[in-house]
Amino acid sequence: MARAARKAAAAALLSPPLSSSSPSSAALQPRAGRYLLGRNTGAASSGAPQERASGCGQPCLVGARGFHDARRAFDGTSTRSLPAWTAIISGCARGGRHADGMRAFAEMLGDGGAPAPNAFVLAGVLRCCAGLGDVEPGRRVHGWMLRRGVRQDVVLCNAVLDMYAKCGHHDRARRAFWAMADKDAVSWNIVLSACLQGGDVLGAVRLFDESPLRDTTSWNTIISGLVRNGCAAEALDRLRQMVRAGVVFNHYTYSTAFSLASMLSLLGLGRQLHGRVVMAALEDDAFVCCSLMDMYCKCGEMEAALSIFDRWSWFTGDVKFAWSTMVAGYVQNGREEEALEFFRRMLREGVPAEQFILTSVAAACANAGMVEQGRQVHGFVEKLGHAFDAPLASAIVDMYSKCGSLEDACRMFDRVQAKNVALWTTMLCSYASYGQGRMALEIFNRMNAEKITPNEITLVAVLSACSHSGLVGEGDHYFKLMQEEYGIVPSTEHYNCMVDLYGRAGLLDKAKNFIEENNISHEAIVWKTLLSACRLHKHMEYAKLASEKLGQLEQCDDGSYVLMSNMYATNNKWLDSFKLRSSMWKRKVRKQPGQSWIHLKNAVYTFVAGDMSHPRSTEIYAYLEKLMERLKEMGYTSRIDLVVHDVEEEQRETALKFHSEKIAIAFGIISTPVGMPLRIFKNLRFCEDCHEAIKFISRAADREIVVRDLYRFHHFKSGSCSCEDFW
DNA sequence: CTAGGGTTAG
């Protein structure tokens, strides 16, 4: 199977240079400390000026060394002039050392011999305040300068506006703006950005339209703001207007335009913009190149992205973002093997592995279930010491969880000091996907206790935890709580969780009424959810209703078709079943073949039902036969009759006796030492008979077995499953 | 005589 071969190749590729046996190899010298530990803590995670693309940045105080050198030179001078103070303070501001800048300012005020701060100094101070993100210091500085009667020019006023905007006080920024006598283009741009940051798209558009001073930045701001607020069509419209108005593009324009093109999947527009980049001779600009590559990646044109990367990597310049753009691109396109291959190429070329790229590599391992490679990525993270950020921690937690090791996921989670919403949500999802609803809710409570406000994604996770564990009362409670306490308006996803919650628990009337009462019957997903619940509880009437609705919405996919025809079949309505199958055939809807795979020692082994392709097939089947005998002695009765017509099960699987997951497990047992846990992956939902059998196998062979199917995990141990048979 | 300050993004 091609997929298996690709996976195996990827596994083999990553392993040798990363394996812990050769700690002195070049690939294992990521010099992470220098690059990551020296990072300034006050700056926004990705916005530290020293990391900006080479083509557009200004010189500034860089990193710890630069700051200390400057500070030493400053301390050595006897006459500390205003420009000297300005240099120190604004240097801190630009270098992300906001607290240091504030300390320098305090020092200046306390030093009797120092000159009185002027507009230049204060602009730097206000930028530090903005960087700290807390209004209080900013407000005090603002008040102080008003009382002292510091001459207020446009630039200083703009610094005040910006400070309020960055501290989240958009209204205050707006009021200060309208109070200004002389507004320049920058003033308009700051308020424009404040409006957009506060989510006031309409206000921003109005402001933009009435502005007398529109420059390239104004256009960039409104377009990117529209994109960020989900108004992609409107943004495209503005981009066209910008072209018509003859406004010059700069690298920000291109970056925004490319993300717009990828968001709308407008490859044609992307190519057109690419042409403009060439004409404008911006091809060598790191920033522009990355967004160009990102556009091609998101449009699925990996080869185009790669050719840009290869052409451009000849230039010196700042390449590290380019590597992660490519790796992330491969992951987005489901090409995990190539993502890892590319990562290895980066290490070979001596580029250190940083958080940004490790996050994507971890995601690749998570998606493909490559636990061994994932552990190696974790090794890189360990090298960062405690300097890894929450997004990277989330990726590692997610990786362990999706690779079947909830314990490792928890261990990683516990180690992170500064947990953010996304990390809490990742952990919550992990418990939910293992069917541990109670633990998931405990995470939610702990998160609340630590005063972290959950977002809409967190609540999807909470509700799905409830539905997967049959916690109906709790689900009701949190659905109400999310609206009343957190002011979250339920989205289709939230509604769907509720349908699932009632449906899975067998409350089919409640589920159906819920759909009708909440006006969500135009959403195909809720009917699919109801349909699966009907299959679970064998409710023919509502199954028919759901499939009719799906038909009306023209949303019948392979799963729904197979599910419905199987329901007819189990009710002996063979004619209906046959009719549905043939209609499915006519509409060219095909069922995905089921397959399972297992990772052993950096190789991946994939099996389909009745697979004979493995060299040890004879041995595998012999063991499997023996094992099944043993299971029967232990009291296992085949439930194959229940699942003859199971949804995601292949026609021939039954005839071939063994589903692919059983074969993968048998192979795992005979290929690994006694007592070693097994992790199996399946591309579809696995069947009730296999679920039952694996419970027995875990006891008979005394193994922990983790099965990841399309939707969730089952952790089998000593004859029972973590889902407690509710799934 | 000179220096030194503010906006947009992934």
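Each chain gets a letter, A, B and so on, in the order its sequence line appears, and its residues count up from 1.
Judged by distance alone, with hydrogens and angles left aside, the side-chain atoms of Ser211(A) form no donor-acceptor pair with the main-chain N or O of Leu207(A) at under 3.5 Å. Although no hydrogens or angles enter the test, the distance criterion places no donor-acceptor pair under 3.5 Å between the side chain of Ser255(A) and the main chain of His251(A).
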Listing time: all N or O pairs from protein to nucleotides 2-4 of chain B that are below 3.5 Å?
residue : atom : partner   : partner atom : Å
dG4(B)  : N2   : Asn118(A) : ND2          : 3.1

Name each donor-acceptor pair under 3.5 Å that joins a side chain in residues 140-147 of chain A to protein atoms two or more places apart or in another chain, with its distance.
residue   : atom : partner   : partner atom : Å
His142(A) : ND1  : Tyr164(A) : OH           : 2.8

When the side chains of residues 228-235 of chain A are checked against the rest of the protein, which donor-acceptor pairs come out under 3.5 Å, sequence neighbours left out?
residue   : atom : partner   : partner atom : Å
Asn229(A) : ND2  : Gly225(A) : O            : 2.8

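Paired runs in DNA chain B never reach 3 or more consecutive Watson-Crick or G-U pairs with both distances under 3.5 Å.
Remark: C1' of dT7(B) and CZ of Arg127(A) are 10 Å apart, rounded to the nearest angstrom. Atom pair Phe258(A):CZ and dT8(B):C1' shows a separation of 17 Å (rounding to whole Å applied). Distance Asn189(A) CG to dT8(B) P: 9 Å, rounded to the nearest Å. Per the geometry, CG belonging to Leu126(A) stands 11 Å off P belonging to dT7(B), to the nearest Å. Remark: P of dT7(B) and CD of Gln197(A) are 12 Å apart, rounded to the nearest angstrom. The CG-C1' distance, from Asp184(A) to dG5(B), rounds to 12 Å in whole Å. The distance between atom CD1 of Ile190(A) and atom C1' of dG5(B), rounded to the nearest whole Å, is 12 Å. For the pair Met163(A) CE and dT7(B) P, the computed distance is 13 Å after rounding to whole Å.
Lys166(A) comes within 4.0 angstrom of sugar-phosphate atoms only, judged by non-hydrogen atoms across all strands, and of no base. Contact annotation for Ser224(A): backbone-only contact, meaning every heavy-atom pair under 4.0 Å involves sugar-phosphate atoms and none involves a base. Within the 4.0 angstrom heavy-atom criterion, base atoms lie near Leu156(A).
Classification of the Phe342(A)-Trp323(A) ring pair by plane angle, with boundaries at 30° and 60°, yields tilted.
Between Arg238(A) and Asp209(A) there is a salt bridge, since a side-chain N of the basic residue sits under 4.0 Å from a carboxylate O of the acidic one.
Residues from residues 259-275 of chain A placing a heavy atom under 4.0 Å of any atom in DNA chain B do not occur. For DNA chain B, the neighbouring residues in residues 138-153 of chain A, judged by any heavy atom under 4.0 Å, are Asp153(A).
The list of side chain to side chain donor-acceptor pair (under 3.5 Å) pairs with a residue in residues 262-280 of chain A, not counting sequence neighbours, reads His274(A)-Tyr296(A). Every pair passing side chain to side chain donor-acceptor pair (under 3.5 Å) that includes a residue from residues 187-200 of chain A is listed here, sequence neighbours excluded: Asn158(A)-Ser187(A), Arg174(A)-Asp200(A), Asp184(A)-Ser187(A), Asn189(A)-Asp215(A), Asn189(A)-Ser218(A).
Considering only residues two or more places apart in sequence or on other chains, Asn333(A) meets the side-chain hydrogen bond (donor to acceptor under 3.5 Å, both in side chains) condition with none of them. Residues satisfying the side-chain hydrogen bond (donor to acceptor under 3.5 Å, both in side chains) criterion with Lys419(A), sequence neighbours excluded, are absent altogether. Residues meeting the side-chain hydrogen bond (donor to acceptor under 3.5 Å, both in side chains) test with Gln417(A), sequence neighbours left out: none. Residues that satisfy the side-chain hydrogen bond (donor to acceptor under 3.5 Å, both in side chains) test with Thr425(A), not counting sequence neighbours, are Thr458(A).
With distances taken from any side-chain atom of Asn220(A) to the nucleotides dG5(B), dT8(B), dT7(B), the minimum falls on dT8(B).
Note: Phe413(A) and Trp424(A) meet the aromatic proximity criterion, with ring centroids under 6.0 Å apart.
A sub-4.0 Å separation between OP1 or OP2 of dT7(B) and a side-chain N or O of Lys183(A) is absent.
We find the CG-CD distance between Asn367(A) and Glu336(A) to be 5.0 Å, quoted to the nearest 0.5 Å.
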